[in-house]
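Below, each value reflects all heavy atoms present in this structure, side chains not excepted, and no hydrogens, waters or symmetry copies.
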Amino acid sequence: MAPPPYAAAVVVATVAVLVLVSQVSVAAGADCRFPAVFNFGDSNSDTGGLSATFGAAPPPNGRTFFGMPVGRYCDGRLVIDFIAESLGLPYLSAYLNSIGSNFTQGANFATAGSSIRRQNTSLFLSGFSPISLDVQSWEFEQFINRSQFVYNNKGGIYRELLPKAEYFSQALYTFDIGQNDITTGFFINMTSEQVIAYIPDLMERLTNIIQDGAGCSVAYNEVAQLFNQRLKETVARLRKTHADAAFTYVDVYSAKYKLISDAKKLGMDDPMLTCCGYGGGRYNFDDRVGCGGKVKVNGTWVVAGKSCDDPLKRVSWDGVHFTEAANKFVFDQIAGGKLSDPPVPLRQACQISRGQ
């Protein structure tokens with residue numbers, strides 16, 4: 001498939017963030033004024049895709065900010081929500097959500113459990129989504145073609161719900177994916193060496209998609225750091241092959257590691273203690289009873305996976321995902337550009353560095 005002419009701005013967050021922007025003309029130091037954001041990824045940035053497809057995320061998800069479940073596996077906003085806010089854009093509607101969605105300023109193709117590589121299993125057996133990154137890219141291609149056909153030929157209300165054609169070449173494209181590719185290997189008892197061995201394949205797949213459109217496990221951390229290094233090298237190669245585009249690599253791993261390592265200094269509780277979980281103990285986590293999950297008591301099903309009293313003091317929401325407070329910390333760390341290469345603020349990520 002030929003490289004798409006609409007590839008304008010892309011942010012990829014796995015255990016790092018990569019930003020790709022093609023020719024958006026702004027003066028040095030000026031904000032890019034992205035008119036839209038298109039996101040691809042997993043549960044870290046899913047704003048309702050999996051929830052619309054395989055069953056709604058239950059209460060108490062969403063309690064801190066939205067006051068109700070809104071398709072996010074979090075008590076409130078995700079990093080992608082804070083990115084949209086910072087750019088003056090509305091929160092992204094999930095592409096798979098057919099009710100009440102508005103795509104005038106972007107769309108979200110991320111679904112919880114997604115990975116770069118396709119999974120040879122089902123969501124119900126493994127918890128990993130069948131909507132891998134290549135499937136999300138196909139959805140995006142259909143979205144472009146169908147939305148512009150409807151926009152131009154039907155008009156009316158659709159022009160208030162779908163993006164203008166020029167937005168596709170001016171938008172910020174964000175990718176937040178890769179975590180599940182690493183964890184799935186460990187879930188099936190692969191060694192670190194075996195997981196490391198397929199990282200080059202992940203980089204190749206990620207490159208093809210882009211061109212087309214502290215208390216944790218030591219082993220996991222080592223693999224994640226190697227993944228990030230390979231991703232940084234991949235970004236460097238993309239810069240050489242796409243001289244008319246701006247690429248920014250953002251080290252989200254360091255922001256998350258700092259939060260977990262310095263949680264107490266930052267005023268947070270034990271970063272390993274789940275806020276919305278079940279079972280008490282060291283982690284308050286039971287993989288059989290998730291956030292909002294139920295258990296049978298005297299023949300009656302009752303909610304057991306309940307939220308802690310103050311999610312704003314916690315790092316881990318449900319043992320897998322961050323709380324809104326943690327997501328806000330991560331966003332604040334990456335927004336200014338101090339963890340970026342080159343070190344440009346997110347709002348200026350469209351500017352091509354002379355050194356790239």
Cluster check Leu125, Ile188: I/L/V/M/F/W/Y, side chain < 4.5 angstrom: no
side-chain contact (heavy atoms from CB on, under 4.5 Å) partners of Lys306, counting only residues at least two apart: Val303
Within-4.5 Å side-chain heavy-atom neighbours: Phe285 and Leu273: no
Near-ring test Phe143/Phe103, centroid separation under 6.0 angstrom: yes
Heavy-atom side-chain proximity of Cys74 to His321 below 4.5 angstrom: no
Crowding at CZ, Arg288 (>12 non-hydrogen neighbours, <6.0 Å): no
CZ (Arg159) with more than 12 external heavy atoms under 6.0 Å: yes
Side chain Ser316, main chain Gly319, donor-acceptor under 3.5 Å: yes
Test log, rule side-chain contact (heavy atoms from CB on, under 4.5 Å), inputs Ile334 and Val79: CA-CA 10 Å; Ile334 68 175; Val79 171; 4.3 Å; yes
OG-CD1 distance between Ser132 and Ile116, expressed to the nearest 0.5 angstrom: 10.0 Å
Verify same cluster id: Phe124, Ile131 (apolar side-chain graph, 4.5 Å): no
Backbone of Ala165 reached by a side-chain donor or acceptor of Gln148 within 3.5 Å: yes
Smallest separation among heavy atoms of Tyr283 and Met272, with atom names: CD2-O, 3.4 Å
Ser115 and Gln119: side chain donor to acceptor below 3.5 Å: yes
Whether over 12 other heavy atoms sit under 6.0 Å from Phe322 CZ: yes
Enclosure of Asn153 CG (heavy-atom neighbours >12, cutoff 6.0 Å): yes
Test: Asp31 and Arg33 ion pair at under 4.0 Å: no
Contact check, side chains of Asn180 and Thr184, non-hydrogen atoms, under 4.5 Å: no
Passing candidate, side chain to side chain donor-acceptor pair (under 3.5 Å) with Asn108, options Asn97, Asp46, Thr47: Thr47
Approximate separation, where rounding is to 0.5 Å, of Gln136 CD and Leu96 CG: 8.5 Å
Flag side-chain contact, heavy atom, 4.5 Å: Gln333 against Val330: no
Test log, rule side-chain contact (heavy atoms from CB on, under 4.5 Å), inputs Phe82 and Asp332: CA-CA 9 Å; Phe82 289 114; Asp332 287 343; over 6 Å; no
Point-to-point distance, once rounded to the nearest 0.5 Å, from CZ of Arg230 to CG of Leu206: 14.5 Å
Tyr91: side-chain contact (heavy atoms from CB on, under 4.5 Å) partners, not counting sequence neighbours: Phe65, Phe66, Arg72, Arg77, Asp81, Glu85
Within the 6.0 Å centroid threshold, strictly below: Phe168 and Phe38: yes
Closest non-hydrogen atom pair, Val135 against Pro130: CG2-O, 3.9 Å
Straight-line distance of Gln194 CD to Asn189 CG, nearest 0.5 Å: 9.5 Å
Working for side-chain contact (heavy atoms from CB on, under 4.5 Å), residues Phe34 and Cys350: CA-CA 9 Å; Phe34 299 111; Cys350 63; 4.1 Å; yes
Side chain to side chain, Thr174 and Phe40, heavy atoms closer than 4.5 Å: no
Cluster check Ile199, Leu231: I/L/V/M/F/W/Y, side chain < 4.5 angstrom: yes
Pairwise distance CD(Gln229) to CE(Met203) - rounded to 0.5 angstrom: 11.0 Å
Ser101 to Ala94 - nearest heavy-atom pair and separation: OG-O, 3.8 Å
Non-neighbouring partners of Asp310 that pass side-chain contact (heavy atoms from CB on, under 4.5 Å), sequence neighbours left out: Leu312, Lys313
Qualifying residues under disulfide bond (SG atoms under 2.5 Å apart), relative to Cys276, sequence neighbours excluded: Cys291
Distance-minimising heavy-atom pair for Arg63 and Ser307: NH1-OG, 2.8 Å
Heavy-atom check, side chain of Thr64 versus side chain of Pro311, under 4.5 Å: yes
Residue Asn145 excluded, over 12 heavy atoms near CG under 6.0 Å: yes
Residue pairs fulfilling side-chain hydrogen bond (donor to acceptor under 3.5 Å, both in side chains) with at least one residue in residues 294-305, sequence neighbours excluded: none
Side chain Ser51, main chain Gly48, donor-acceptor under 3.5 Å: no
Considering all heavy atoms, the nearest Asn39-Ser45 contact: ND2-OG, 2.9 Å
side-chain contact (heavy atoms from CB on, under 4.5 Å) partners of Arg117, counting only residues at least two apart: Asp181, Tyr198, Asp201, Leu202, Arg205
hydrophobic_cluster_shared for Val320 and Leu259, side chain cutoff 4.5 Å: no
Residue pair Leu92 / Val37, side-chain heavy-atom distance below 4.5 Å: yes
Side-chain donor-acceptor contact under 3.5 Å, Ser86 with Arg347: no
Side chain to side chain donor-acceptor pair (under 3.5 Å) partner of Trp317, chosen from Asn61, Thr323, Asp75: Asn61
Identified side-chain contact (heavy atoms from CB on, under 4.5 Å) partner of Phe329 from the options Met268, Lys258, Glu324: Lys258
Non-hydrogen side-chain atoms of Lys264 and Asp269 separated by less than 4.5 Å: no
Atom pair CG/CD1 of Asn327 and Ile83 - distance to nearest 0.5 Å: 10.5 Å
Salt bridge present between Asp251 and Lys232 (N-O < 4.0 angstrom): no
Smallest separation among heavy atoms of Gly113 and Asp42, with atom names: N-CB, 4.4 Å
Heavy atoms from other residues, nucleotides or ligands near CZ of Phe54 exceed 12 (cutoff 6.0 Å): yes
Donor-acceptor under 3.5 Å (Ser147 side chain, Ile144 main chain): yes
Test applied, ring pair (Phe, Tyr, Trp, His ring centres under 6.0 Å); reference residue, Tyr95; option that passes from Phe140, Phe109, Trp138: Phe109
Shared hydrophobic cluster for Ile182 and Leu133 (ILVMFWY, side-chain gaps under 4.5 Å): yes
